[in-house]
2 protein chains.
Amino acid sequence: MTRQRRVILEEIRAMRSHPSADEVYEVVRRRLPRISLGTVYRNLEVLSELGEIQKLELGGTTKRFDWNPNKHYHIRCLDCGRVDDAPVAPLLSIEDELYGSTVYEIVGHRLEFLGRCPACSRRHEKDELANAG
Amino acid sequence: MTRQRRVILEEIRAMRSHPSADEVYEVVRRRLPRISLGTVYRNLEVLSELGEIQKLELGGTTKRFDWNPNKHYHIRCLDCGRVDDAPVAPLLSIEDELYGSTVYEIVGHRLEFLGRCPACSRRHEKDELANAG
DNA sequence: CTACATGCAAATGCTTTGCAACCTA
DNA sequence: TAGGTTGCAAAGCATTTGCATGTAG
């Protein structure tokens, strides 16, 4: 556990959001100005393998990281990419529906909700009005 | 509707799989040797906007395309990336669980199953045995 | 004829990697 | 001091874009 790894973990836990590697880098840099982006990527990988954090592969190009390593779902804004936890209980038996009807060995599932956050929702309404007028 | 666009659509429908842009390119190239990868990307985008095909943003780095534009779920092999349809009925009311408990305007959801395809399953078992012995 | 589409190549954005120097246990 | 880790820079990969030319309607 190096200084860099410890600070990265501390900062992610302090943020309590769903930052990209680059966002983690920007925050950690305030405490460790000489840290490199590569180190951040490597440690985010290690920390998620250790089960300290969770790597999120949601839609879009950028991976995100979650201070909370427990299984839960997320909702993502289609306009700005903002991600929040989705307060929906895990679907415990959904995978059972596949037994017998797939050739795959089932390992898990991923559920993501798509929507518009309040800020983008307002902007969107305004655009609609403008287009209608 | 250019020759390129028509051929791309025909080939995706003939494949009936879940090809990446590059895989579409390789197949279409057999009929149109001078087509460019950029054209394939642009047309896949247009065709999915037209509702002729569907763009899939599953986990992993690569986007895939589906000849079937209707909503349905998929299962992806964690080892080789193979993708198949998941024979699970769409969850019609799952989004209702979010009403009132999220600040987002809900637009939809995405569900993906993760597993191991038969080929990788066999390979995995062999590895387990090797490690145990 | 005009607007849109193409081929090509360069650029983009995110992520990974090779390597020598550097810590940490 | 041995092995993992770092900073740096370059490479990798999927995708997008600028631009001059070509083509469909």
Side-chain angles (χ1 to χ4, degrees), chain A residues 1-12 17-50 52-66 76-83 112, chain B residues 1-12 17-50 52-66 74 76 78-83 112:
Chain A
M1 177 72 52
T2 59
R3 215 149 91 78
Q4 287 88 335
R5 187 167 298 166
R6 187 163 29 76
V7 171
I8 288 169
L9 184 52
E10 284 172 10
E11 289 301 330
I12 288 188
S17 63
H18 303 81
S20 65
D22 210 73
E23 288 164 349
V24 173
Y25 174 59
E26 286 307 324
V27 169
V28 166
R29 217 136 78 108
R30 301 208 275 263
R31 289 175 60 186
L32 302 174
R34 300 196 51 79
I35 198 171
S36 77
L37 184 54
T39 296
V40 171
Y41 271 101
R42 280 184 285 228
N43 277 307
L44 289 171
E45 194 61 42
V46 169
L47 287 169
S48 60
E49 275 163 19
L50 291 175
E52 296 289 336
I53 63 175
Q54 184 173 183
K55 187 182 1 176
L56 304 180
E57 296 207 345
L58 307 177
T61 49
T62 310
K63 287 188 187 90
R64 293 175 170 276
F65 296 86
D66 195 328
R76 176 168 57 97
C77 177
L78 290 169
D79 288 0
C80 71
R82 175 179 158 185
V83 172
E112 172 187 16
Chain B
M1 178 71 51
T2 59
R3 216 150 89 78
Q4 287 87 336
R5 187 168 299 167
R6 188 166 27 75
V7 171
I8 287 170
L9 184 52
E10 284 171 10
E11 289 300 331
I12 288 187
S17 62
H18 303 82
S20 64
D22 209 75
E23 287 163 351
V24 174
Y25 174 59
E26 287 306 324
V27 170
V28 167
R29 215 136 78 107
R30 301 208 276 261
R31 288 173 61 187
L32 302 174
R34 298 197 52 78
I35 197 171
S36 76
L37 184 54
T39 295
V40 172
Y41 271 101
R42 279 183 286 232
N43 277 308
L44 290 171
E45 194 61 42
V46 170
L47 288 168
S48 60
E49 274 163 20
L50 291 175
E52 297 287 338
I53 62 175
Q54 184 173 184
K55 192 191 342 184
L56 304 180
E57 296 205 346
L58 308 177
T61 50
T62 311
K63 286 189 187 86
R64 294 175 169 277
F65 296 86
D66 195 327
H74 296 90
R76 175 169 58 96
L78 289 169
D79 288 2
C80 70
R82 174 178 159 186
V83 173
E112 173 187 15

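Lettering of chains follows the sequences in order, A, B, ..., and the numbering in each one begins at 1.
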Exercise for the section: Quickly work out the A:Leu37 CG to C:dT15 C1' distance and round it to whole Å. Expected result: 8 Å
Practice task
Please state whether the phosphate of C:dT15, meaning OP1 or OP2, lies under 4.0 angstrom from any side-chain nitrogen or oxygen of A:Tyr41.
Solution key: yes
Exercise for the section: Evaluate the criterion salt bridge (Lys or Arg N to Asp or Glu O under 4.0 Å) for residue pair A:Glu49 and A:Lys55; output intermediate values, then yes/no. Expected result: CA-CA 9 Å; A:Glu49 275 163 19; A:Lys55 187 182 1 176; over 6 Å; no
Exercise for the section: Check whether any side-chain nitrogen or oxygen of B:Gln4 sits under 4.0 Å from OP1 or OP2 of C:dG7, and answer yes or no. Expected result: yes
Handout entry: Working for salt bridge (Lys or Arg N to Asp or Glu O under 4.0 Å), residues A:Glu11 and A:Arg30
Key = CA-CA 10 Å; A:Glu11 289 301 330; A:Arg30 301 208 275 263; over 6 Å; no
Exercise for the section: May I ask you to evaluate whether B:Thr2 reaches the phosphate of C:dT6, defined as a side-chain N or O under 4.0 Å from OP1 or OP2? Expected result: yes
Practice task
Measure from CD on A:Glu26 to P on C:dC14 and round the result to the nearest Å.
Solution key: 12 Å
Practice task
Check whether any side-chain nitrogen or oxygen of A:Arg5 sits under 4.0 Å from OP1 or OP2 of D:dT5, and answer yes or no.
Solution key: yes
Exercise for the section: Calculate the interatomic distance between A:Ile8 atom CD1 and D:dT5 atom C1'; express it in whole Å. Expected result: 11 Å
Exercise for the section: Report yes if some heavy atom in the side chain of B:Leu44 is under 4.5 Å from a heavy atom in the side chain of B:Lys63; otherwise report no. Expected result: no
Practice task
Have a look at B:Asn43 and say if it touches a base, only the backbone sugar-phosphate, or nothing, with a 4.0 Å heavy-atom cut-off.
Solution key: sugar-phosphate
Practice task
Ignoring backbone atoms, establish whether A:Arg34 has a side-chain N or O less than 4.0 Å from OP1 or OP2 of D:dC8.
Solution key: yes
Practice task
Please determine if a side-chain N or O atom of A:Thr39 lies less than 4.0 Å away from the OP1 or OP2 oxygen of D:dG7.
Solution key: yes
Problem - Ion pair A:Arg29/A:Glu26, N-O distance below 4.0 Å - result: yes
Fill in the blank from the handout: A:Glu45 atom CD is separated from D:dT5 atom P, nearest whole Å, by 13 Å
Fill in the blank from the handout: In whole angstroms, the gap separating P of C:dA3 from CE of B:Met1 amounts to 21 Å
Problem - Which nucleotide in C:dA5, D:dT15, D:dA14 has an atom nearest any side-chain atom of B:Lys63 - result: D:dT15
Handout entry: Whole angstrom value for the distance that separates P of D:dT6 from CZ of A:Arg42
Key = 7 Å
Fill in the blank from the handout: In whole angstroms, the gap separating C1' of D:dC8 from CZ of A:Arg29 amounts to 13 Å
Problem - Minimum side-chain heavy-atom gap B:Thr2-B:Thr39 below 4.5 Å - result: no
Problem - For atom CD1 of A:Ile35 and atom P of D:dG7, their distance in whole Å - result: 5 Å
Problem - Nearest-nucleotide 5' precedence on DNA chain D, A:Leu32 against B:Phe65 - result: A:Leu32
